[in-house]
Protein chains: 2
Amino acid sequence: MKEGPDIAYIAALIGDPARANILTALMSGRALTATELAAEAGVTLQTASSHLSKLDQGDLLHARRQGRHKYFSLANDDVAQLLEKLMGLAARSGHLRHQPGPKNAALRKARVCYHHLAGDMGVRLFDSMMARGYIRPEGEDLTLSNEGDGFATGFGIDVEALRLKKTPLCRECLDWSERRCHLAGSLGRAFLSRFEELGWAKRNQKTRIISFSRSGEKHFNQLVTVCTR
Amino acid sequence: MKEGPDIAYIAALIGDPARANILTALMSGRALTATELAAEAGVTLQTASSHLSKLDQGDLLHARRQGRHKYFSLANDDVAQLLEKLMGLAARSGHLRHQPGPKNAALRKARVCYHHLAGDMGVRLFDSMMARGYIRPEGEDLTLSNEGDGFATGFGIDVEALRLKKTPLCRECLDWSERRCHLAGSLGRAFLSRFEELGWAKRNQKTRIISFSRSGEKHFNQLVTVCTR
DNA sequence: TAAATGTTTCGATTACGATCGAACTATGAA
DNA sequence: TTCATAGTTCGATCGTAATCGAAACATTTA
């Protein structure tokens, strides 16, 4: 039994509390500096630096210098998905670090998951697009149908520009709170950006919570309900 | 950042090499005894016992006594899926424990993944069923269409009996080698059993490899190709 | 009953890695 | 230049957890 990928190596990287905190913080999708991540993880800068270089070596994250800052972000969607799956398992078997509280409820409703909308509202968006045939599964990835293209374009998203990029347009991502899929990929990100542009929603910089304004939520509900025919 | 599921706890469980070996061995879907798993992991029985109780406490596996033996298996499909995802990441970033060899090639072609068929052939079965509309995605799970029911029943699978069980009928499971989905769930298992019943394929008890006989593979190819209309 | 096999508990050893203070490098500002 | 901020490297300390020998416990077989 010494064949195959070395899962212990990757799992051990995630298995340290400080590193897990760092990775969780990066699930917001934003790139953070070493100092910020040290604070998130609750360790000194030296310790964080050591952790960050290990995570980098393991290809779990991506580092880029910018002046005297060094910004870190998750390496790719796969890492984010793995982390979500881990959260799902941990949550289901009751291994929470704190009791579910009001903050938790907000997280379950709408939160950032590596730049796209997750939680109850994320799942609702995904389901409605699936039900209307806007997106279709194709192997591991999803395809945006012509109708879906029209829908997104009509909503103010420059789908053509997204298609030119080499990152996948649509992907599905499993929610740990809902245990359902929500929309990821560059289109998923574009939707979240658009919600912010329109003033429907605002990201909380610290907590991954996305708060929708009252009217924003109303518009959102229309968006996912309308023309179910 | 102290909210949410404790991913470090779960990841650390998987992050020990001996425990990772144990979990990998259980990916075959078979229930194994403590002694067998100790051998797989390359540790003494005492050490394995300690690991097994930790994994059990973390709800990663399921233990059942039977006489003077104690059988262990993975707790559920979610654990298996998490492990597959981990393998995918580890493989993609090149963290293999050994060079890809002939054994690896066989693993990539057809192997057991928690009781169902994985690898190239697993993906082909999944794709053909998807293309013919036999299975359809629905949220996280998959639905078996009427045509799909007929197809499976015609192949000698007692779909009605499977439906009565409380475990999901169809699920998708991501392949680490193919990076595509193959069919999991009780129907996935039923297909593999049926292949064995018909003498098309045989499981290698040690390595997760599934070897198809020459005629078995021919039949299989017809099964996934026929009536693509 | 005794013997054999399978598994767990106990205790001691050991090794690895997380942590941080201190010193060092690098970039930007004054 | 000098100062300040950001990050890394070094070295020492410290804790925890993996490991295994030995012994206990459990269950089946003879």
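Both backbone and side-chain heavy atoms feed into the values below; hydrogens, waters and symmetry mates do not. First the proteins, then the strands, lettered A, B, ... as listed; each starts at 1.
With D:dT9, C:dT7, D:dA6 as the choices, the nucleotide that has an atom nearest any side-chain atom of A:S49 turns out to be D:dT9.
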Pair up each side-chain donor or acceptor in residues 42-49 of chain B with any protein partner under 3.5 Å, not counting sequence neighbours, and list the distances.
{"residue": "B:T44", "atom": "OG1", "partner": "B:Q46", "partner atom": "OE1", "Å": "3.3"}
{"residue": "B:T44", "atom": "OG1", "partner": "B:T47", "partner atom": "N", "Å": "3.4"}
{"residue": "B:T44", "atom": "OG1", "partner": "B:T47", "partner atom": "OG1", "Å": "2.9"}

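Side chains of B:H116 and B:R189: a donor-acceptor N/O pair is absent below 3.5 angstrom, by distance only. Between the side chains of B:E196 and B:S193, no donor-acceptor pair of N or O atoms lies under 3.5 Å.
In this structure, CG of B:L52 is placed 10 Å from C1' of C:dT7, rounded to the nearest angstrom. As a whole-Å value, the separation of B:L55 CG from C:dT7 P is 16 Å. The CD atom of A:Q57 sits 14 Å away from the C1' atom of D:dT9 (whole-angstrom rounding). Regarding B:L13, its CG atom lies at a distance of 11 Å from the P atom of D:dA17, rounded to whole Å. Atom pair B:Y71:OH and C:dT5:C1' shows a separation of 13 Å (rounding to whole Å applied). Rounded to an integer number of Å, the gap from B:H69 NE2 to C:dT5 P is 11 Å. A straight line from CD of A:E36 to C1' of D:dG7 spans 14 Å, rounded to a whole angstrom. Rounded to an integer number of Å, the gap from CG of A:L37 to P of D:dA6 is 14 Å.
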Short N/O separations, protein against nucleotides 12-21 of chain C, under 3.5 angstrom:
{"residue": "C:dA18", "atom": "OP1", "partner": "A:R19", "partner atom": "NH2", "Å": "3.1"}
{"residue": "C:dA18", "atom": "OP2", "partner": "A:K54", "partner atom": "NZ", "Å": "2.7"}
{"residue": "C:dT19", "atom": "OP2", "partner": "A:H51", "partner atom": "NE2", "Å": "2.5"}
{"residue": "C:dC20", "atom": "OP2", "partner": "A:T44", "partner atom": "N", "Å": "3.1"}
{"residue": "C:dC20", "atom": "OP2", "partner": "A:T44", "partner atom": "OG1", "Å": "3.2"}
{"residue": "C:dC20", "atom": "OP2", "partner": "A:T47", "partner atom": "OG1", "Å": "3.0"}
{"residue": "C:dG21", "atom": "N7", "partner": "A:Q46", "partner atom": "NE2", "Å": "2.5"}

Can you give me the N/O atom pairs linking the protein to nucleotides 25-30 of chain D at distances under 3.5 Å, or say none if there are none?
none

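A donor-acceptor pair under 3.5 Å links the side-chain atoms of B:R19 to the main chain of B:A12, judged by distance alone.
A salt bridge links A:E217 to A:K109: one of the charged nitrogens lies within less than 4.0 Å of a carboxylate oxygen. Under the 4.0 Å criterion applied to side-chain N and carboxylate O atoms, B:R163 and B:D158 are not assigned as salt-bridge partners.
No side-chain heavy atom of B:L192 sits under 4.5 Å from any side-chain heavy atom of B:W200. Taking the side chain as every heavy atom from C-beta outward, B:H182 and B:L117 never approach each other to under 4.5 Å.
Taking the six-membered ring where the residue is Trp, A:F212 and A:F220 present perpendicular rings, their angle passing 60° and hence far from 30°.
Side-chain nitrogen and oxygen atoms of A:K70 include at least one within less than 4.0 Å of the OP1 or OP2 phosphate oxygen of D:dT8.
Across all strands, B:T33 comes closer than 4.0 Å only to sugar-phosphate atoms, never to a base (heavy-atom distances).
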